[in-house]
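Only a predicted model underlies this, so the values are computations on that prediction, with no experimental measurement involved. Reminder, nothing fancy here: chain letters follow the sequence lines and each chain counts from 1.
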2 protein chains.
Amino acid sequence: MLTVNELALESDTPAHVVRYYLRIGLIQPAAQQENGYRLFTSNDAARLRFIRMAKHLGFTLNEIKQITQHAELGESPCDDVRKIVQHRIHENRAKIEEMMKLQERMEQALEQWDLMPDGIPDGNSVCHLIESVEGSEGHCHTET
Amino acid sequence: MLTVNELALESDTPAHVVRYYLRIGLIQPAAQQENGYRLFTSNDAARLRFIRMAKHLGFTLNEIKQITQHAELGESPCDDVRKIVQHRIHENRAKIEEMMKLQERMEQALEQWDLMPDGIPDGNSVCHLIESVEGSEGHCHTET
DNA sequence: TACAACCTGTGTGTTACACACAGGTCAAGG
DNA sequence: CCTTGACCTGTGTGTAACACACAGGTTGTA
């Protein structure tokens, strides 16, 4: 039987993360000591390693919970797994594109600001640098 | 004097977001009606538009709060503003790279799974698709 | 037996909202 | 004057995935 710390070492997971997973019911202790300490088997370590793999593939903890619950009922989670990854690929692509746009905005701003002095705020302006950025006026809300 | 809803329309911000900003003290009502309704001036609308610009440039609400507080004291926030954007550019670049790696992992997995049938879970395996992914064993933790 | 190092479970804080809820306000209609 | 309905109000709570702090328990050494 392993303690939380030993389980953490065994599964290459920070102990406080193991405790978090316990809290949300993603894993359960196999037994409990009289003093309240939680105890685990090597099977729990394997489960935890599975969780890490799934996270590495972009699954959320909720999805992982669903998957392991399915598996415990003997149902194959594979179909859901494929769908989730397909969905996440789209989602992630959109997020990446958004972040690259942000990156461009920030880089352009910094370059533009190189030629501008610092300013002292007055009633009309909070920070003229930010306010000077292209697209400050006339946002194009053509999407959605 | 504008109500929350009017301020929201004036500044092109969802009303529930305006209420959130009020809650965290990012903006303050200029006055209050007897019934508790909060009232604002057109200056508040300008402030809110500034907040949207800053968010568009990647500033967090906390950072924006600092900036506006600096500005209210008559101190120039420009120096901090430049530093924050520089920092965020690095941060964002790292995040984008990480997400692109995830993207590649997911795409590779999906391709690999095309040749694999669904499986029924047993005691040893939760989902053989996830467990089959390259790099499941022998993680290379060479960084930090 | 005293002490220090470490480990335990758990409460709270984080970011930027989204949703829900009970009640208040306003214009139209009877 | 009263009601009905639509809309608006402030506020409590939930979200994802931890990170940190805290008071107390355990273990090894002297």
Side-chain angles (χ1 to χ4, degrees), chain A residues 1-40 44 48 51-68 84 87-88 91-92 95 98-99 102 144, chain B residues 1-40 44 48 51-68 84 87-88 91-92 95 98-99 102 144:
Chain A
M1 289 296 225
L2 310 166
T3 65
V4 166
N5 215 33
E6 290 163 351
L7 176 64
L9 289 173
E10 196 74 18
S11 60
D12 197 35
T13 309
H16 70 265
V17 172
V18 174
R19 293 207 176 85
Y20 171 63
Y21 290 172
L22 280 162
R23 237 199 290 215
I24 63 172
L26 185 56
I27 54 178
Q28 279 118 353
Q32 198 133 359
Q33 279 183 348
E34 290 180 5
N35 55 14
Y37 285 24
R38 293 163 288 203
L39 295 176
F40 306 88
D44 295 320
L48 210 38
I51 292 171
R52 305 291 286 175
M53 288 180 213
K55 273 223 63 188
H56 194 61
L57 261 179
F59 289 85
T60 69
L61 297 183
N62 254 329
E63 287 161 350
I64 296 170
K65 205 169 180 179
Q66 305 289 329
I67 290 167
T68 54
I84 290 171
H87 178 69
R88 187 110 325 129
E91 213 176 49
N92 203 48
K95 256 191 199 166
E98 198 177 337
M99 291 178 76
L102 170 61
T144 322
Chain B
M1 289 297 225
L2 310 165
T3 66
V4 166
N5 214 33
E6 290 163 351
L7 176 63
L9 289 173
E10 196 74 17
S11 61
D12 197 35
T13 309
H16 70 265
V17 171
V18 173
R19 292 206 176 86
Y20 171 62
Y21 291 172
L22 279 161
R23 236 198 293 214
I24 63 172
L26 185 56
I27 55 178
Q28 278 119 353
Q32 197 133 0
Q33 278 183 348
E34 289 182 4
N35 54 15
Y37 285 24
R38 293 164 288 203
L39 295 175
F40 306 87
D44 294 319
L48 209 38
I51 292 172
R52 306 290 287 175
M53 289 179 211
K55 274 223 63 189
H56 195 61
L57 261 178
F59 290 84
T60 70
L61 296 182
N62 253 329
E63 287 162 350
I64 295 170
K65 204 170 181 177
Q66 305 290 326
I67 290 168
T68 54
I84 289 171
H87 178 69
R88 187 111 323 133
E91 214 175 49
N92 203 48
K95 257 191 198 167
E98 199 178 335
M99 292 178 75
L102 171 61
T144 325

5′-ward residue of the pair B:Val17/B:Tyr37 relative to DNA chain C:
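On the 5' side of the pair lies B:Val17.
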Here's a test of your reading of the structure: between B:Asn35 and B:Thr60, which maps to the more 5' nucleotide of DNA chain C?
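Final value for this comparison: B:Thr60.
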Rounded to whole Å, please give me the gap between [atom1] in [X] and [atom2] in [N].
X	N	atom1	atom2	result
A:Ile51	D:dA17	CD1	P	12 Å
A:Arg52	D:dA17	CZ	C1'	11 Å
A:His16	D:dC18	NE2	P	8 Å
B:Asn5	D:dA6	CG	C1'	13 Å
A:Gln33	D:dT27	CD	C1'	13 Å
A:Gln66	D:dA16	CD	P	11 Å
B:Leu102	D:dA17	CG	P	13 Å
A:His56	D:dA17	NE2	C1'	17 Å

Any non-hydrogen side-chain atom of A:Leu39 less than 4.5 Å from a side-chain atom of A:Leu2?
no
Under a 4.5 Å cut-off applied to non-hydrogen side-chain atoms, are B:Arg88 and B:Leu57 in contact?
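No, every pair of side-chain atoms sits at 4.5 Å or beyond.
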Report, as yes or no, whether the 6.0 Å neighbourhood of atom CD on B:Gln33 holds more than 12 heavy atoms from other residues, nucleotides or ligands.
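Yes.
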Has A:Gln32 got more than 12 heavy atoms of other residues, nucleotides or ligands less than 6.0 Å from its CD?
yes
Between B:Lys55 and B:Leu61, what is the shortest heavy-atom contact and its length?
CD-CD2, 3.8 Å
Can you name the nearest heavy-atom pair linking B:Pro14 to B:Ala8, along with the distance?
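Of all heavy-atom pairs spanning B:Pro14 and B:Ala8, the closest is C-CB, 4.2 Å.
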Which residue pairs pass the salt bridge (charged side-chain N to carboxylate O under 4.0 Å, His left out) test when at least one of the two sits in residues 16-35 of chain B, sequence neighbours left out?
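Not a single pair qualifies under salt bridge (charged side-chain N to carboxylate O under 4.0 Å, His left out).
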Say whether, by atom type as modelled, one donor and one acceptor occur between the side chain of B:Arg38 and the main chain of B:Pro29 under 3.5 angstrom.
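The answer is no, because no donor-acceptor pair under 3.5 Å joins these two groups.
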Taking A:Lys95 for its side chain and B:Met99 for its backbone only, find out whether a donor-acceptor pair lies under 3.5 Å.
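Looks like no, no N/O pair under 3.5 Å.
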Where chain B begins and ends its contact with DNA chain C, read 5' to 3' at 4.0 Å from heavy atoms
C:dT15 to C:dT25
Is the distance from OP1 or OP2 of D:dC18 to the nearest side-chain N or O of A:Lys55 less than 4.0 Å?
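The answer is yes; a side-chain N or O of A:Lys55 sits under 4.0 Å from OP1 or OP2.
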Terminal axes of the helix from C:dT1-D:dA30 to C:dG30-D:dC1 (five pairs each): angle between them, nearest 10 degrees
40°
